[in-house]
Amino acid sequence: MARTTIEKRQRWNTLHKNGPFALKLFITTKLEKNSSGLTDFEKYNDAAKEIQKLIKQAADNNEQFRAIGSKWSMSNIAHCKDRMHYNSFMNLKFPIFEGEIHKDSTYEHSNLHWFQCGNKIKEISGYLERRGKSLKTTGASNGQTIAGCISTGVHGSTIDVGSVQDYVVGLNLITGPKPEDNIYLERKSKPALRDTYAANFNAAKIIRDDEIFNAALVGLGSMGFVHGVVIEAEDLYLLHRYVRKIDRAEALKLADTLDFSNYDPKIPNTDFKGVRPFHYKIFMNPYNTDEKKYAVEFIYKIKYYENYMVDFGNPIPFQKEFVYLDLIYLFIKIAGKIPKSIPKLINLLKSSILPKEEKTTVGKLSEIFWDAGYQGKAFACSFGVDHTHSSKAMELLAKLTREHPVPGIFAMRFIKQSKGTLAFSKFPFTCMVEIDGIQWRDKDKIIPLMDYSTKMIEVLKNNNIPFTLHWGKNADWAFPNLVNEMYGKSSENWKKCRSWLLSKEMAKVFSNDFLSTTGLNEYIEVPPNFIESLSKNGQPLKT
């Protein structure tokens, strides 16, 4: 049987020390041992029963229950005050074979894989690479769990792919303690698996509906317990990464247009002229107004071949020293070279301290988007805007930051629109304007982070730039009418889908302070057939 330990705790914190937050119980479930003789299906189903038992205990005590993965989020989205369940020991993996594909599916069976919730991106990449496959994209780092990634909408790093949730094709949700609360969910427009395969996981209901699936895809940890996900991988590929400084106007023009048809990145020993990059990112120091050139990261997708390390070397040692590994890591490297004074650091940022890189690194996705380099106190704010507003949004937020200095620097990266109802990559091509840095203390006499977050929202609103916020980052989540401002009717549809999936009792169990602050905890009584009014094609829900 799966083994659960329950510890009494008074507080819990995120990886980057954005708390602490009050807590009653910290819960960990470990799978049955391999020596038990159980099959992986049986271990998975045994774990599901254990989770349902824990959900019932929470409900019986009128308490909240929340799953957590790697504590990556900097907002309090992963926190609840009562019972938090640590998922990372629940990491079974299942390939999908040819006879298990739905008769109407367009997926290649070798690309489909079922992963239990606690699998980390790094684990999944290793599993797939041994089979000649790769994830389509990841975030900047690889330590998050797959369930945590999709629940908060972690955005990828790829212009034409989207975010992590956008290659998820099936969800196994546990919405309560009853047998019928074990659900397998897919899109009706693009089914993946045969009902008989989902039955291996004791799914009592198989629901195929686009609106329900898209709402649950970025469920914010509040649509039930995400026990498993089915993802679509692709054949293994390599990424060619290069960072160089280019003219500021040129960098911003590429951001606003995403038109690379006549652009030559001038990367040594390559011919990428006119080629659309896999990934494009701009680094910008808001305090250096004289900066004529921006550091820009270009990544191009190339065909995989076995001996790439003979030509380019092992990418991992390069990545460990790579200055632009991710924005927080870069900033910490900068901060570590100067006196430990935040005001002095901000003053030094007025000079051009972003280094010249011009180094080629070639590796697999898992080697280029590698381990996070920093796990101490940090903050991160991230706004999504339509890419056509990229340069305007960046300039406005940079100007605000000069008026209210904080210890951080900016970057922009670009991702394809997501189908997730509450995905922050909601624009046809979303520019994520990010500011990352290190936390400061009150005695540094700097604007409080919450006040700074509020002003960032206000400056975009006052300049009529539609925006979204990264669910897992620091923000003024209590800003009036914020979610409606960002998503309009879509947020109402999300709440209706959540209310349809969960009973009123379970909606309380799977809520938390973050959901209450944003108003997304509202329970809306909906008729059983309300999906018909949401569906684009008017087809009734199939169960």
Side-chain angles (χ1 to χ4, degrees), residues 18-19 21-22 58 62-68 73-82 84 148 150-153 165 173 175 211-212 214-226 381-385 418 420-427 449-458 460-462 465-527 530-531 533-534:
N18 302 105
F21 304 101
N62 194 31
E63 291 181 337
Q64 297 172 346
F65 179 84
R66 199 153 190 87
I68 59 165
S73 292
M74 295 178 173
S75 68
N76 64 336
I77 190 169
H79 168 258
C80 82
K81 61 185 176 60
D82 298 319
M84 296 180 65
I150 66 172
S151 294
T152 55
Q165 74 271 5
L173 296 178
T175 60
E211 297 291 342
I212 291 288
N214 290 340
L217 201 54
V218 182
L220 311 183
S222 303
M223 290 269 191
F225 186 96
V226 180
C381 302
S382 191
F383 287 82
V385 300
S418 175
T421 306
L422 289 189
F424 48 77
S425 48
K426 77 168 194 175
F427 304 101
L449 178 58
M450 188 58 65
D451 292 352
Y452 177 66
S453 301
T454 303
K455 289 182 180 297
M456 294 178 88
I457 293 173
E458 289 173 342
L460 293 179
K461 277 177 55 67
N462 293 342
I465 298 179
F467 66 91
T468 58
L469 289 164
H470 190 308
W471 294 109
K473 299 290 182 73
N474 302 111
D476 179 6
W477 292 107
F479 193 92
N481 204 35
L482 177 63
V483 172
N484 185 61
E485 173 83 26
M486 295 191 295
Y487 294 98
K489 185 179 178 182
S490 292
S491 62
E492 285 297 303
N493 289 347
W494 187 90
K495 288 186 284 188
K496 288 178 181 178
C497 289
R498 179 174 182 264
S499 302
W500 186 85
L501 274 172
L502 301 177
S503 68
K504 197 167 190 177
E505 180 187 28
M506 287 300 112
K508 290 180 180 179
V509 169
F510 289 111
S511 189
N512 68 346
D513 287 345
F514 182 88
L515 218 65
S516 300
T517 299
T518 56
L520 288 167
N521 65 327
E522 179 187 8
Y523 192 83
I524 303 172
E525 298 288 349
V526 293
F530 96 102
I531 293 297
S533 64
L534 289 177

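Quick note: numbers below take in every heavy atom, side chains included, and nothing from hydrogens, waters or symmetry partners.
- The side chain to side chain donor-acceptor pair (under 3.5 Å) check on Ser382 picks up nothing, with sequence neighbours excluded.
- Remark: side-chain polar atoms of Lys426 are paired, donor with acceptor, to backbone N or O of Met486 under 3.5 angstrom.
- Partners of Glu458 according to the side chain to side chain contact (heavy atoms under 4.5 Å, CB included) rule, which considers only residues two or more places apart in sequence or in another chain, are Thr454, Lys455, Asn462, Phe479.
- Of all non-hydrogen atoms in Val218 and Thr152, the two that sit nearest each other are CG1-C, 4.2 Å.
- Lys81 is linked by a side chain to side chain donor-acceptor pair (under 3.5 Å) to nothing, counting only residues two or more places apart in sequence or in another chain.
- Leu449 and Cys381 make their closest contact through CD1-SG, 4.3 Å (heavy atoms, listed as atom of the first residue, atom of the second, distance).
- Heavy-atom contacts from other residues, nucleotides or ligands closer than 6.0 Å to CG of Asn481 number more than 12.
- The CD atom of Gln64 sits 9.5 Å away from atom OG of Ser222, with the distance rounded to the nearest 0.5 Å.
- Taking Tyr487 as the reference, Trp471 meet the ring-ring contact (aromatic ring centres under 6.0 Å, His included) condition, with sequence neighbours excluded.
- Annotation for Asn512 and Asn76: closest pair ND2-O, 3.7 Å, computed over non-hydrogen atoms.
- Taking the ring-ring contact (aromatic ring centres under 6.0 Å, His included) definition, one finds that Phe510 meets it with nothing, sequence neighbours left out.
- Considering every non-hydrogen atom in both Asp476 and Met450, the closest pair reads CA-SD, 3.5 Å.
- Scored by the side chain to side chain contact (heavy atoms under 4.5 Å, CB included) test, Ala215 finds Met223, Thr421, Trp494, Cys497 as partners (sequence neighbours excluded).
- Here Phe21 pairs with His79 under the ring-ring contact (aromatic ring centres under 6.0 Å, His included) rule; sequence neighbours left out.
- A distance of 12.0 Å separates NZ in Lys495 from OG in Ser490, rounded to the nearest 0.5 Å.
- The side-chain heavy atoms of Phe383 and Leu469, taken from C-beta on, include a pair separated by under 4.5 Å.
- Evaluation of the side chain to side chain contact (heavy atoms under 4.5 Å, CB included) rule for Ala58 yields Phe65, Arg83, Val509 as partners, not counting sequence neighbours.
- Distance check, rounded to the nearest 0.5 Å: CE of Met84 to CD1 of Ile68 gives 4.0 Å.
- Nearest heavy atom pair, residue Arg66 against residue Ala78, reads CD-O, 3.6 Å.
- In this structure, Lys473 has no salt bridge (charged side-chain N to carboxylate O under 4.0 Å, His left out) partners at least two apart in sequence or on a different chain.
- In this structure Thr518 satisfies the side chain to side chain donor-acceptor pair (under 3.5 Å) test with no other residue, sequence neighbours excluded.
- Remark: side-chain polar atoms of Ser425 are not paired, donor with acceptor, to backbone N or O of Ala423 under 3.5 angstrom.
- Not a single donor-acceptor pair under 3.5 Å links the side chain of Ser73 to the backbone N or O of Ser75.
- In this structure, CH2 on Trp477 lies 9.5 Å from CG on Leu520, to the nearest 0.5 angstrom.
- Considering all non-hydrogen atoms of both residues, Phe424 and Gly153 come closest at CZ-O, 2.9 Å.
- How far CG of Leu501 is from CD1 of Ile212: 4.5 Å, rounded to the nearest 0.5 Å.
- Among residue pairs with one or both ends in residues 497-517, none qualify as salt bridge (Lys or Arg N to Asp or Glu O under 4.0 Å); sequence neighbours excluded.
- Partners of Asn521 according to the side chain to side chain contact (heavy atoms under 4.5 Å, CB included) rule, which considers only residues two or more places apart in sequence or in another chain, are Ser511, Leu515, Ser516.
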